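Structure first, then comments.
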Amino acid sequence: MKLYSFFNSSTSFRVRIALALKGLPYEYAAVNLRAGEQGADEYRALSPAAIVPTLIDGEVKLTQSLAIIDYLDARYPEPRLVPQDRLTRARVLEIAQTIACDIHPINNIRVLKYLSGPLNVSEADKSAWYAHWVEEGLNAVEQLLAAGPKSSYCVGETPTLADCCLVPQVANAQRMGCDLSRFEKVMAVYETCMAQPAFNAAAPRNQPDYLG
């Protein structure tokens with residue numbers, strides 16, 4: 001397998017966690033989002049939306065992180081990241097999609113660049129935008145965690161897709177200087193995950209294209 005990734009991309013981070021949890025080896029292909037390499041014609045041929053990650057597995061090519069993880073779960077089912085039990089699966093997807101659909105899309109690098117570029121939003125206002133949507137989204141996640149059965153991870157006692165989404169979002173928010181102290185359950189899950197070798201191996205600082 002080959003993974004086109006950027007060290008600071010939260011969506012790439014999700015997939016790297018999944019690959020590490022499943023113990024799957026892969027070739028790392030760096031795509032520098034800061035330098036705009038995702039817009040090159042060669043990369044657009046792989047990813048029409050010019051985003052990372054892209055996973056190549058033989059004849060299979062996939063570009064959305066949740067689709068990639070779902071594919072990995074189907075082909076390499078141990079350990080499962082999306083549980084088969086109907087209610088547990090729904091709870092995992094609820095948390096994962098709260099992060100992947102409600103927080104990430106309006107706070108990713110291309111949105112932030114558009115705010116500060118064509119819309120001429122100040123750095124202070126851009127930071128406020130980011131912090132507002134992180135707070136809104138993580139507040140929802142905090143309540144979902146509180147409403148579910150007590151566990152070390154988002155759902156249950158083993159990592160799932162929900163944890164694959166939560167950890168990169170928290171890491172990005174920390175990098176952007178957000179105060180996350182009020183999200184006690186979110187941060188407890190984050191700390192539990194980051195104590196595990198797979199999550200640590202997938203972290204931005206441990207990638208070959210790490211730029212600081």
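Computed from a predicted model, the values in this text were never measured in an experiment.
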Kindly determine whether Tyr28 and Ser5 satisfy side-chain hydrogen bond (donor to acceptor under 3.5 Å, both in side chains), including the steps that lead there. CA-CA 7 Å; Tyr28 190 106; Ser5 174; 3.2 Å; yes
Using salt bridge (Lys or Arg N to Asp or Glu O under 4.0 Å), reason through Arg182 and Glu142 one step at a time and then give a plain yes or no. CA-CA 9 Å; Arg182 59 175 290 215; Glu142 184 79 2; over 6 Å; no
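Counting heavy atoms from C-beta on, the side chains of Ile56 and Glu27 never come closer than 4.5 Å. Contact check for Gln64 versus Thr11: no side-chain heavy atoms found under the 4.5 Å cut-off. Between Pro53 and Thr63, the closest side-chain pair of non-hydrogen atoms is not below 4.5 Å. Contact check for Gln196 versus Pro159: no side-chain heavy atoms found under the 4.5 Å cut-off.
Here the closest heavy-atom approach between residue Pro105 and residue Val111 is recorded as O-CG2, 3.2 Å. In terms of heavy-atom proximity, Arg16 sits nearest to Phe7 at NH2-O, 3.0 Å. Residues Leu19 and Met1 share a closest heavy-atom pair of CD2-CE, 3.8 Å.
Heavy atoms from other residues, nucleotides or ligands lying under 6.0 Å from CD of Glu184 number 12 at most. Counting heavy atoms of neighbouring residues, nucleotides and ligands inside a 6.0 Å radius, atom CD of Glu157 exceeds 12 of them.
The distance from atom NZ of Lys185 to atom CG of Leu144, rounded to the nearest 0.5 Å, is 12.0 Å. Atom CG of Asn8 and atom CG of Asp209 lie 9.0 Å apart (nearest 0.5 Å). The CD atom of Glu123 sits 6.0 Å away from the OG atom of Ser116 when rounded to the nearest 0.5 Å.
Sequence neighbours left out, not one pair with a member in residues 83-104 passes salt bridge (Lys or Arg N to Asp or Glu O under 4.0 Å). Sequence neighbours left out, the pairs with a member in residues 54-78 that pass salt bridge (Lys or Arg N to Asp or Glu O under 4.0 Å) are Lys22-Asp73, Asp57-Arg75, Asp73-Arg80.
A donor-acceptor pair is defined here as one N or O able to donate and one able to accept, closer than 3.5 Å; such a pair exists between the side chain of Gln207 and the backbone of Ala202.
Between Tyr4 and Tyr43, the two ring planes are tilted [angle within 30° to 60°].
With sequence neighbours left out, Tyr130 forms a side-chain hydrogen bond (donor to acceptor under 3.5 Å, both in side chains) with no residue at all.
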